[in-house]
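Shown next, in structure tokens, is the structure this report addresses.
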Amino acid sequence: MTHLFATHFGTYEVGTDANGKRKLLPFRHDPDPSEMGLGYLDLANHPQRIRAPMVRRSWLEKGPLVATGASRGREDFVEISWDKAASLIAGELRRVRESHGNQAIFGGSYGWASAGRFHHAQSQLKRLLNLAGGFTSSVNSYSYGAAAVLLPHILGPDYKDACDTAPSWNDIADGCQLLVGFGGFRLSNAQVEAGGTGSHRAVGWLRRCQDKGVRIVVFSPAASDAPSGPNVRHVPLRPNTDAAVMLGICHTLLAQGLFDRDFLKRCTTGYCDFESYLVGETDGIAKDAEWASAISGVPAQTIVEIAEDLHDTPSLVNVAWSLQRARFGEQPFWAAIALASMAGHVGRRGCGFAFGLTAVNAVGQPVRRLKGPAFEQGPNPVRAFIPVARITELLENPGGRIDYDGQVLDLPDIRLVWWAGGNPFHHHQDLNRLTEAFRRPETVIVTENMWTATAKMADIVLPSAFPFERDDVAAASRDNWLVYSRRVMDPPAGVLTDHEAYCLIADELGCRRQFDEGLSVDDWLARIYEGYRERYPELPDFQAFRLRGYAALDEGEPAPSPANHFRDFVKDPQAAPLNTPSGRIEIGSKAVGGFGYPDIGSHPRWQAPDEWLGAPLSAKHPFHLLSPQPAHRLHGQLEYGPVSQAAKLGGYERFTLSETDARHLTLKQDDLCELYNDRGRTVAALTVDRGLMPGVAVLATGGWFRPDAQGVDHGGNPNTLTTITPASHLSQGTGPNSCLISIRPWAGSAGGTYHGNE
């Protein structure tokens with residue numbers, strides 16, 4: 001029997017050290033295992049572990065209608081029994097639904113939580129809430145919210161998922177000669193996958209492309225976003241100006257007659273209006289290379305060279321997901337589609353456009369993808385929802401409205417929030433504003449295993465077992481591996497799995513039988529696995545799978561299973577049309593333009609954000625803050641793991657500045673600095689980056705928000721500083737990468753390390 005533990009960072013084998021203590025080892029079948037997950041077991045007995053159900057004191061003593069939310073996050077907790085916790089929660093659900101309706105309950109389960117298909121935080125909580133009458137829900141993601149709304153209009157709903165737009169890596173290696181990346185390739189991101197994996201291959205595929213002579217050009221403020229190795233060119237540009245550069249390249253193709261008029265006529269619609277915009281007929285401004293250079297800082301000659309190369313060379317334009325996490329974040333994705341269409345390589349093997357190569361392990365993987373069941377949530381009787389990044393507005397503005405994708409959404413009056421499987425005080429923006437919004441509901445319930453900032457803002461906290469404290473079946477719908485993730489150790493006394501906890505609450509609500517269907521965990525795991533076997537009968541039976549510990553479609557070095565990637569469509573657009581109103585690529589979208597939103601038009605265009613280095617606000621706050629994913633954890637997960645802790649300085653997160661900016665501010669390596677703007681203040685330690693362009697600061701996301709009495713965050717969370725302003729009215733996606741800040745030496749006392757349960 002192989003004892004495996006499956007995580008978002010990959011699969012690990014369970015062994016023992018010289019003292020007989022359990023430890024994790026790299027999975028022997030993984031060619032590029034991630035070190036991030038190796039310290040997962042260190043969290044089992046961490047001082048910040050939640051070990052019993054806890055209730056905020058005044059809420060427990062006075063009840064939700066008397067206890068003020070102003071004390072939320074500011075007072076101590078009282079330990080209670082599981083029976084008491086189940087009774088309190090069931091009573092609150094009944095009270096809120098009877099007094100205000102189920103739309104007054106917000107099921108805020110969002111996050112990665114677990115690679116397992118059964119112990120999946122969202123599914124477990126939402127199944128329970130649906131059986132209790134439903135809840136207001138959220139749609140889309142922080143990672144890919146703007147593009148997920150835009151692309152169904154431009155390419156059709158079949159391409160809402162980022163992974164479905166990319167050609168396969170083997171086709172890129174064999175058919176592409178020039179890979180132009182906007183936002184670059186942050187290779188640490190490729191270590192993760194939502195359902196886990198048995199084989200990290202994205203970095204290996206990128207190296208294979210380089211070995212075969214594929215030239216790579218990376219537009220990014222940071223040279224570190226360009227991969228090492230041969231055939232790589234880094235082009236610095238100001239943040240948020242990628243769309244302007246793409247438009248400058250498009251204009252060059254047009255002006256020099258290098259564009260593919262036949263492809264545009266056969267396979268696209270709306271190009272004529274876009275061309276009028278490029279040449280300045282609509283606003284008097286030609287979007288030529290000089291115009292783009294003035295905005296972006298990229299030399300005009302470089303823009304012209306890239307345009308000529310894109311025409312002359314089988315090419316692929318890749319856009320990082322981070323670019324759509326900005327004000328007007330839809331534009332670089334839309335502009336990339338227009339650019340690739342003008343260059344005429346869409347539909348050629350390994351060419352055209354892609355979104356998010358190396359964003360996670362699965363993008364571009366040439367494998368058969370697993371499609372299978374999870375723990376069913378059941379139907380939600382409540383129709384109300386919000387885009388996930390609009391939580392603050394939902395809580396601040398009951399009875400209000402927001403625009404979204406051609407609709408007007410009513411905002412319910414939320415009285416109860418239940419959060420499981422995520423940490424909004426990591427991934428949401430403007431955390432000080434979110435803190436105040438979180439004080440409005442009558443009750444906040446959080447299911448969590450550690451004392452995150454979200455748990456501290458709760459009224460009732462339910463302790464949750466870690467993934468290594470339960471059995472599960474792990475699988476990613478975009479990968480080909482299934483793993484039987486076997487319990488490594490038992491949870492501490494007083495800690496339950498989410499499923500066990502919700503069974504107790506379902507008992508109180510009278511729906512236990514519907515919730516667990518009378519099945520044991522082993523029964524559920526067998527049912528889920530057999531769902532995969534129904535689709536893929538070549539998989540071994542459940543007992544053989546559990547004994548071996550893993551299975552994979554086309555095991556070993558799988559034969560490449562390339563994506564169609566618009567080939568059939570380009571070959572015959574009428575026989576294989578896209579699922580768009582025109583059946584073609586919509587360079588111009590009448591639907592999007594018809595919504596009448598002021599911040600997105602009917603075709604790709606340049607719009608200057610309120611916060612970028614060319615904005616008037618830059619005179620006050622002269623640095624553009626970027627907040628990418630960290631290289632040493634996943635979002636805020638494993639913040640207290642050894643890899644994440646080793647990356648800090650005295651408990652403080654690190655941020656980067658250029659050598660020029662550090663010298664100008666009279667700062668040196670490792671200095672503690674205060675990063676601030678009108679929204680907040682945070683403290684981090686300086687790392688000087690000689691490959692970062694001046695005027696840009698980089699503070700990776702995921703540091704746990706820990707404000708002191710003066711409101712200064714010592715956790716180094718960039719979302720202390722970012723704005724909730726959306727990408728646009730169309731998507732209401734998040735826009736943290738449009739953020740201006742100032743920087744100065746930190747004059748206060750150090751407080752970067754936790755000391756027990758603060």
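These numbers were taken from a predicted model, which means no experiment stands behind them.
- Between Val214 and Ala173, the shortest heavy-atom distance links the atoms CG2-O, 4.4 Å.
- Inter-residue side-chain proximity for Gln629 and His635 is flagged as met; some heavy-atom pair is nearer than 4.5 Å.
- Remark: Asp479 CG to Leu553 CG distance equals 9.0 Å, nearest 0.5 Å.
- Ion pair Glu275/Lys287 not flagged as a salt bridge, since none of the NZ, NE, NH1 or NH2 atoms sits closer than 4.0 Å to an Asp/Glu carboxylate oxygen.
- Side chain to side chain, Gln177 and Ser315 fail the donor-acceptor criterion of an N or O pair below 3.5 Å.
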Could you give me the CA-CA distance, side-chain angles and deciding distance for Asn480 and Arg368, then say whether side chain to side chain contact (heavy atoms under 4.5 Å, CB included) is met?
CA-CA 6 Å; Asn480 64 323; Arg368 283 198 296 157; 5.5 Å; no
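- With hydrogens and angles ignored, the 3.5 Å screen pairs a side-chain donor or acceptor of Ser276 with a backbone N or O of Cys272.
- Atom CD of Gln607 sits about 8.5 Å away from atom OG of Ser728, to the nearest 0.5 Å.
- Asn318 places a side-chain N or O within 3.5 Å of a backbone atom of Leu357 that can act as its donor or acceptor partner.
- For His153 and Phe595, the ring centers are positioned less than 6.0 Å apart.
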Side chain to side chain contact (heavy atoms under 4.5 Å, CB included) for His8 and Gln637? Distances and angles first, verdict last.
CA-CA 10 Å; His8 302 306; Gln637 280 194 43; 3.5 Å; yes
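- Atom CD of Gln256 sits in a crowded spot, with more than 12 heavy atoms from other residues, nucleotides or ligands closer than 6.0 Å.
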Could you please spell out the steps behind the salt bridge (Lys or Arg N to Asp or Glu O under 4.0 Å) verdict for Asp32 and Arg201?
CA-CA 7 Å; Asp32 186 23; Arg201 298 186 180 276; over 6 Å; no
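- Between Leu150 and Leu730 the shortest side-chain heavy-atom distance falls below 4.5 Å.
- In this structure the side chain of Glu330 reaches within 4.5 angstrom of the side chain of Ser731, judged on heavy atoms.
- Side-chain contact between Arg327 and Asp599 is present, with heavy atoms from C-beta onward closer than 4.5 Å.
- Checked for salt-bridge contact, Arg478 and Asp164 miss the test: no charged N lies under 4.0 Å from a carboxylate O.
- One finds the OH atom of Tyr597 at 9.5 Å from the OH atom of Tyr404 (value rounded to the nearest 0.5 Å).
- Distance check: Arg584 CZ to Lys265 NZ gives 10.0 Å after rounding to the nearest 0.5 Å.
- Side-chain atoms of Ser341 come within 3.5 Å of backbone N or O of Ile337 as a donor-acceptor pair.
- None of Leu699, Leu625, Thr722 except one satisfies the side-chain contact (heavy atoms from CB on, under 4.5 Å) rule with Ile741; the exception is Leu625.
- Taking NE2 of His200 as the reference point, atom OG of Ser34 lies at 5.5 Å (rounded to 0.5 Å).
- Distance check, rounded to the nearest 0.5 Å: CG of Leu316 to OG1 of Thr313 gives 12.5 Å.
- For Trp334 and Phe274, the ring centers sit 6.0 Å or farther from each other.
- Within the 4.5 Å cutoff, no side-chain heavy atoms of Ser602 are placed close to those of Glu586.
- Within a 6.0 Å radius of CD in Gln574, no more than 12 heavy atoms belonging to other residues, nucleotides or ligands are found.
- Results of the ring-ring contact (aromatic ring centres under 6.0 Å, His included) test with Trp321 over Phe182, Tyr142, Tyr144, Phe185 single out Tyr144 as the only residue that passes.
- In this structure, Asp610 places its CG atom where only 12 or fewer heavy-atom neighbours from other residues, nucleotides or ligands lie under 6.0 Å away.
- One N or O on the side chain of Asn231 and one on the backbone of Gln210 form a donor-acceptor pair closer than 3.5 Å.
- Within a 6.0 Å sphere centred on CZ of Arg261, other residues, nucleotides and ligands contribute 12 heavy atoms or fewer.
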Passes side chain to side chain contact (heavy atoms under 4.5 Å, CB included), Val688 versus Glu659? Steps please.
CA-CA 6 Å; Val688 177; Glu659 193 171 37; 3.9 Å; yes
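- Asn737 places a side-chain N or O within 3.5 Å of a backbone atom of Ser627 that can act as its donor or acceptor partner.
- The aromatic rings of Trp481 and His29 sit tilted, their planes meeting at an angle between 30° and 60°.
- For the pair Asp262 and Arg266, the salt-bridge criterion is met [side-chain N within less than 4.0 Å of a carboxylate O].
- Checking side-chain atoms of Gln324 against main-chain N and O of Ala146 turns up a donor-acceptor pair under 3.5 Å.
- With Tyr159 as the fixed residue, the ring-ring contact (aromatic ring centres under 6.0 Å, His included) test singles out one of Phe355, Phe353, Phe566: Phe566.
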Trp169 vs Cys209, side chain to side chain contact (heavy atoms under 4.5 Å, CB included): CA-CA, chis, key distance, verdict
CA-CA 8 Å; Trp169 277 113; Cys209 291; 3.8 Å; yes
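- Between Leu178 and Pro314 there is no side-chain heavy-atom pair separated by less than 4.5 Å.
- When every heavy atom of Lys160 is checked against every heavy atom of Ala148, the shortest pair comes out as CG-O, 3.4 Å.
- Between the side chain of Glu611 and the main chain of Leu740, a donor-acceptor pair closer than 3.5 Å is present.
- For the pair Thr241/Trp612, a side-chain contact is recorded, criterion being any heavy-atom separation below 4.5 Å from C-beta on.
- Counted by atom type alone, Ser199 and Asp30 present zero donor-acceptor pairs between their side chains at under 3.5 Å.
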